[in-house]
Structures are given as C-alpha cells and as structure tokens.
Amino acid sequence: MLNVTNLSHNFGSYWALKNCSFSLKKGEFLLLTGSSGAGKTTLLRLLYASLPVMRGKVNVAGYDLKNLPARQIPNLRRSVSVVFQDFKILPYRTVYQNVAMALEVRGLNQIHIDRRVRAVVRGLGLEPRINTLCGELSGGEQQRVAVARSVVVNPKILLADEPTGNLDEELAARMMGIFKQFHMHGTTVVLATHSSELVRMHPEARQLRLEHGKIVAANWRGAQIFSEKIKEVHS
Amino acid sequence: MRVFFKLIRQGFRDIALHPWAQLMTLLAVSFITFLAGLMLLCVSNLDTELKVTRGEVAFQVYWNEKASPKKVKESWKTLQKMDGVVEVLTYTPEEALKDLGSTLPKGSKGMLLADNSPLPYTAVLKFSPRKGDVAEWQSKTQAALERIPDVKTVRSSNLKDDVSRAWQELSDSITMPVLVFLAVILSIAVGNTMKFSLISRKDEIEILKLVGAKNWYIRTPLLVGGALLGSVGGILGVAGLYTAWWNLKDTFNFAPLHWELHFLPVDQALLLIVIPMVVGSISSWVAVRS
Ligand SMILES: Nc1ncnc2c1ncn2[C@@H]1O[C@H](COP(=O)(O)OP(=O)(O)O)[C@@H](O)[C@H]1O
Ligand SMILES: [Mg+2]
C-alpha cells in the first residue's frame with residue numbers, strides 16, 4: 001500500500017530527509033513522530049505528490065511517484081486524503097461546503113454527498129456549526145473541518161499532519177477515535193505529531209521517529225495494532 | 001453532464017465574487033466592441049455611398065444609321081425606366097457631332113458635314129452597382145439592350161474611377177485588421193481579469209487540486225466566466241452601437257445629400273459578439289495554464 005525506499009529530499013543545500021525506508025500494508029496505523037523541523041511534513045508532502053520525488057523510490061496505493069505523470073496526480077489524490085497542518089479550508093465557505101468539496105470533485109450525486117457530509121460532520125461534533133462560515137470558527141473547529149473533509153471520501157490512505165495540534169485533550173481523544181474507526185475499516189493511516197502524549201496514549205500503533213531527516217527509531221508491530229500492548233523499539 | 005452544468009453555474013456564481021473587477025472588464029469589453037463596431041460602421045457606410053455616387057458600369061448604345069428617329073426617341077423613354085439606372089445621356093447624330101466637334105482640335109471642324117452627320121443615334125447609360133454577381137448582371141443587361149429594335153452595338157465599361165477603386169481596396173483590407181485588433185485588445189482585457197480572479201481564487205484552486213480535482217473541473221468555471229464576460233460585453237457594445245446609429249442615422253439625410261446611414265450587416269454584428277466570446281474563453285484558458 002505504501003512503500004518508501006531510500007528516500008531523500010533536499011531544499012537547496014539543506015537535506016530535510018535522509019535515506020528513509022519503510023513500508024506499510026493495507027490497514028496499518030503509523031505514528032510519525034519527531035520534534036518540529038524533523039522532516040515530518042516534508043515526508044508527507046512527498047507521499048501525496050506535493051513535492052517531487054528526486055532521490056529514492058516511493059510507491060503509494062499502486063502509483064510510482066517517481067515517474068508519475070501530472071495527469072495521474074488527481075487520481076492519486078483520490079486514494080490519498082490529507083489533513084493539512086494549516087488546514088487549507090476556505091474561510092468564506094461554510095462547514096458544509098468545505099466538507100462537500102472533496103466529494104463534489106469526484107462527481108458524486110447530491111443526495112449521496114448530502115448524506116455523507118452530514119454523517120461525518122455529526123461524528124466530529126460540528127453539527128451545530130454546519131452552516132457557519134469557516135472563517136468564524138475557532139482553530140480547533142477549523143481543524144475538525146479539515147479532518148471531516150479528508151475522511152468524508154473514505155480514502156484508502158489517510159495522511160494527517162498534526163491533526164490534534166490545536167485540540168484540547170478530550171477533542172484530541174475524540175479525533176483519534178475517528179481515525180481509529182477509519183483504520184478499523186481498512187484505511188491505512190499515517191499520523192504525524194510532535195506530541196509524545198499521543199505516542200504514550202497509543203503504544204499499540206506503529207511508530208517511526210524522525211530526527212533531522214533521519215529515521216532514528218522504529219516501533220514495528222503486527223497487524224492488530226490497537227490491541228497490542230507490547231512495546232518494542234529497534235533502530 | 002450534471003457535474004458539467006454545476007460547473008457552469010459555478011462560473012456564473014464566481015462573477016459575484018469580484019463584481020467590481022468583472023464590471024470594469026465588462027465595460028472595457030463593451031467599449032472596445034463599440035469602437036470597433038463604429039469603425040466598421042463608418043467603413044461600411046462610406047463603402048455603399050461611394051459605390052452609389054460613383055456609378056460602376058456604363059453602357060454605350062449605338063443604333064443603326066437607318067433607324068427611324070421617332071422609334072429611337074420612343075425607346076429612349078423606356079431606357080429611363082430601367083432598374084438601377086442612374087443617368088441616361090442621349091445623342092442625336094447632330095448632337096453627337098457637336099459634342100465630338102467640341103473635343104476636336106480647331107481646323108479639323110470643316111471636315112465634318114453639319115447637315116449629314118455620319119454618326120448614329122447614341123445613348124450612354126450609367127448604372128449603380130448591384131449586390132451579387134456584377135459580371136452576370138452586366139452581361140444580362142447588355143443582352144437586354146441589344147434586343148431593343150434597330151440597336152446595332154452595345155458596349156459596356158466599368159466606370160469606377162481610381163478613387164473609388166482605391167477606396168474599395170482599402171475598405172476590403174480594413175475589415176480584417178479591425179476585427180483582429182478587436183480580438184487582440186479583448187484578449188488582453190479579459191485575460192488580465194481572469195488572471196486576477198484566478199489569483200484571488202488561488203487558495204480554492206490549490207485545495208481543489210489537493211482533494212483530487214481534475215484540470216477541466218477547475219477550468220470550466222473560468223472558461224464559462226470568460227465566455228460570459230466576452231459575450232455580454234459584446235452584446236452591450238453592439239447594443240450601444242445600435243443606439244448610436246439609431247440616433248445618428250438621419251444626420252446626413254437632407255437634400256441634396258439624402259444619405260441615410262445603414263446599420264452593420266448582420267454577419268459583422270454577429271462577429272462583434274462572437275469574437276469577444278471566443279477570445280474571452282480562450283484567454284481565460286490561457287490564464288489558467290500559465
Ligand atoms: N519549502 C521549503 N523550503 C526550504 N526549506 C524547507 C521547506 N519546507 C521545509 N523546509 C525545511 O525542512 C525542514 C523540515 O521541515 P518540515 O518537514 O516542515 O518539519 P516538521 O513538519 O517535522 O516540523 C525544516 O528545517 C524546514 O525549515
Ligand atoms: Mg510539520
């Protein structure tokens with residue numbers, strides 16, 4: 001489902017990622033940790049073709065990202081949903097419109113769109129705000145809109161960049177519950193976070209630790225990620 | 001298809017996002033169309049006017065020497081009634097001789113016998129040009145004149161003088177450049193507005209791409225917006241031109257000029273709407289690409 005081999009990436013002379021390799025099977029859950037500036041966002045951007053792959057190999061949902069023609073990018077992004085660190089939602093559109101956008105570009109019919117949008121919005125506790133302009137929402141609410149838009153399409157792979165960064169503990173737990181739910185239904189999840197709290201709360205998830213662009217630690221487990229209790233780290 | 005209609009509606013709705021920028025462009029498009037139309041209107045009217053006053057084809061009709069004067073003079077009356085005739089000049093043999101004599105150098109006059117003119121009855125007819133196939137009309141008219149009893153020969157010549165010939169060439173070669181000029185100016189105006197509305201929609205377009213929108217999905221609303229700007233601008237421009245024409249058409253319509261301005265031919269008026277529309281959509285397409 002997701003294969004990264006010897007991946008490196010530089011911005012000018014600065015190497016933000018150095019020789020990273022890992023792979024995930026369908027339905028696995030990965031916590032990507034590391035302090036700010038470690039390269040988490042860069043790694044995620046490479047996975048959804050927002051940055052070009054220059055060194056190494058990346059295969060996501062069957063797409064070889066190194067040789068991906070530009071017209072295939074929309075198809076890749078229909079398999080891979082992203083929750084962006086800066087949300088990327090439109091302030092002058094309502095919660096409903098922002099969430100529906102992801103389904104509309106796929107040309108689904110209105111009734112279907114309506115049903116799915118309402119279900120997801122309800123699941124994230126945004127129902128009272130559904131017709132509010134996103135610009136009027138708090139940071140935490142906006143973040144939930146971003147999450148709603150990415151999960152509403154039922155993606156094969158979900159990439160989330162600090163999705164709990166602006167949330168209090170209770171909401172963060174609720175958000176994790178949502179990710180977990182999708183994960184249970186077979187979605188492969190990669191969640192980037194600098195919070196060690198989240199790692200402590202989910203010792204059962206797979207973990208990769210990035211430092212200065214390098215994978216410095218991995219906690220690699222079997223399929224029943226959330227039910228496992230043993231912690232095992234090797235570098 | 002349903003999605004397509006939705007995108008078209010989106011194109012209409014997007015206009016409301018920047019009403020002022022769109023309105024200014026709309027006015028610019030109308031104004032440019034109006035000016036181009038005005039230019040074409042002048043060309044087209046001068047064209048017709050010059051053709052009418054200059055006359056285009058003349059026929060010289062010669063009768064048999066033995067034709068009876070009475071019959072010839074009768075047929076002269078019918079010549080006046082021919083369709084499209086502008087001027088009829090008739091000459092009896094004596095008149096023709098006098099006319100000829102006045103053009104001959106002094107001294108040679110004595111050679112001509114005043115009483116027994118060798119010249120036949122003659123008529124010169126000038127016709128205004130008609131639309132369509134002038135050559136065919138010319139040969140038909142020639143044949144008709146030859147059927148007049150006792151007519152010996154008919155000669156025709158194109159009377160168009162150098163001025164009107166030159167004008168004709170100019171007016172033929174001016175229409176295309178005016179339309180091309182219109183297209184270029186419009187593409188700049190509409191293209192820039194589309195770029196502007198693109199910049200202000202940058203965030204939306206970025207997000208659309210990130211959630212997997214294909215290029216046509218992003219471009220269709222802009223294309224519709226460009227086409228709409230172009231065609232509405234074109235229609236307003238032509239409407240303005242029509243109003244101007246309506247108020248001015250009788251300006252020169254007094255004796256002895258009797259010059260009533262006519263509006264543009266339908267095909268040119270349509271071009272003034274179609275060109276901005278096509279240019280509008282093309283330039284918005286180009287704006288998205290770059
Ligand atoms: N577009 C860019 N241009 C230049 N440097 C960048 C760019 N994006 C990220 N970087 C650098 O790469 C490093 C990793 O950044 P990032 O992947 O955003 O880290 P993280 O998401 O783990 O905080 C940082 O030092 C950052 O300054
Ligand atoms: Mg980051």
Side-chain angles (χ1 to χ4, degrees), chain A residues 44-45 47-51 61 63 69-93 97-113 134-135 142 145-159 161, chain B residues 1-25 193-226 228-229 281-282 284-290:
Chain A
L44 292 184
R45 286 184 67 191
L47 296 182
Y48 61 87
S50 159
L51 287 173
Y63 294 93
R71 69 190 147 74
Q72 284 291 340
I73 290 178
N75 293 330
L76 167 76
R77 290 183 181 161
R78 288 173 187 206
S79 302
V80 183
S81 265
V82 189
V83 181
F84 302 93
Q85 193 166 8
D86 55 355
F87 316 150
K88 295 201 190 300
I89 55 178
L90 291 168
Y92 50 87
R93 297 271 166 93
Q97 287 169 332
N98 268 287
V99 177
M101 209 170 172
L103 293 169
E104 281 166 355
V105 302
R106 287 162 166 79
L108 299 177
N109 79 52
Q110 210 56 53
I111 298 165
H112 184 76
I113 291 177
C134 285
Q142 291 187 4
V145 175
V147 171
R149 189 187 60 203
S150 65
V151 297
V152 77
V153 297
N154 240 331
K156 280 190 196 144
I157 298 176
L158 181 66
L159 308 178
D161 201 350
Chain B
M1 209 55 194
R2 199 180 41 74
V3 176
F4 189 67
F5 281 124
K6 202 204 90 178
L7 291 176
I8 290 179
R9 258 186 288 124
Q10 171 92 47
F12 278 83
R13 245 183 293 134
D14 282 352
I15 290 177
L17 285 180
H18 305 283
W20 286 109
Q22 308 273 357
L23 190 68
M24 292 321 276
T25 314
T193 308
M194 285 299 139
K195 270 220 182 85
F196 176 77
S197 74
L198 216 63
I199 289 166
S200 54
R201 285 188 57 195
K202 214 177 92 230
D203 292 346
E204 186 185 348
I205 290 170
E206 185 198 352
I207 292 168
L208 281 171
K209 283 184 176 166
L210 286 173
V211 298
K214 305 226 157 127
N215 274 338
W216 65 266
Y217 187 94
I218 294 166
R219 284 178 187 176
T220 306
L222 282 153
L223 216 66
V224 170
L228 204 69
L229 260 185
S281 33
I282 291 175
S284 53
W285 184 267
V286 172
V288 196
R289 284 186 74 106
S290 47

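Chain letters run A, B, ... following the sequence lines, proteins first, then strands; residues in each count from 1.
- Taking OH from A:Tyr92 and CG from B:Asp203, the interatomic distance works out to 6.5 Å, rounded to the nearest 0.5 Å.
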Show your reasoning for whether side chain to side chain contact (heavy atoms under 4.5 Å, CB included) applies to A:Asn75 and B:Lys214. CA-CA 8 Å; A:Asn75 293 330; B:Lys214 305 226 157 127; 3.2 Å; yes
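- With a threshold of 4.5 angstrom between heavy atoms, A:Asn98 does not approach chain B through any atom at all.
- Contacts between A:Arg71 and chain B at a heavy-atom distance below 4.5 Å are absent for every atom of the residue.
- When the candidates A:Arg93, A:Gln110, A:Arg106 are compared by the number of heavy-atom contacts under 4.5 Å with chain B, A:Arg93 comes out ahead.
- Contact detail for B:Ile207 and A:Lys88: the closest heavy-atom pair is CD1-O, 3.0 Å.
- At a 4.5 Å heavy-atom cutoff, the contact between A:Leu108 and chain B is made by backbone atoms alone.
- Looking at A:Ile73, there are no atoms closer than 4.5 Å to chain B (heavy atoms on both sides), in backbone or side chain.
- Between A:Val82 and B:Leu210, every side-chain heavy-atom pair lies at or beyond the 4.5 Å cut-off.
- Of all heavy-atom pairs between B:Leu208 and A:Val105, the closest is CD2-CG1, 3.5 Å.
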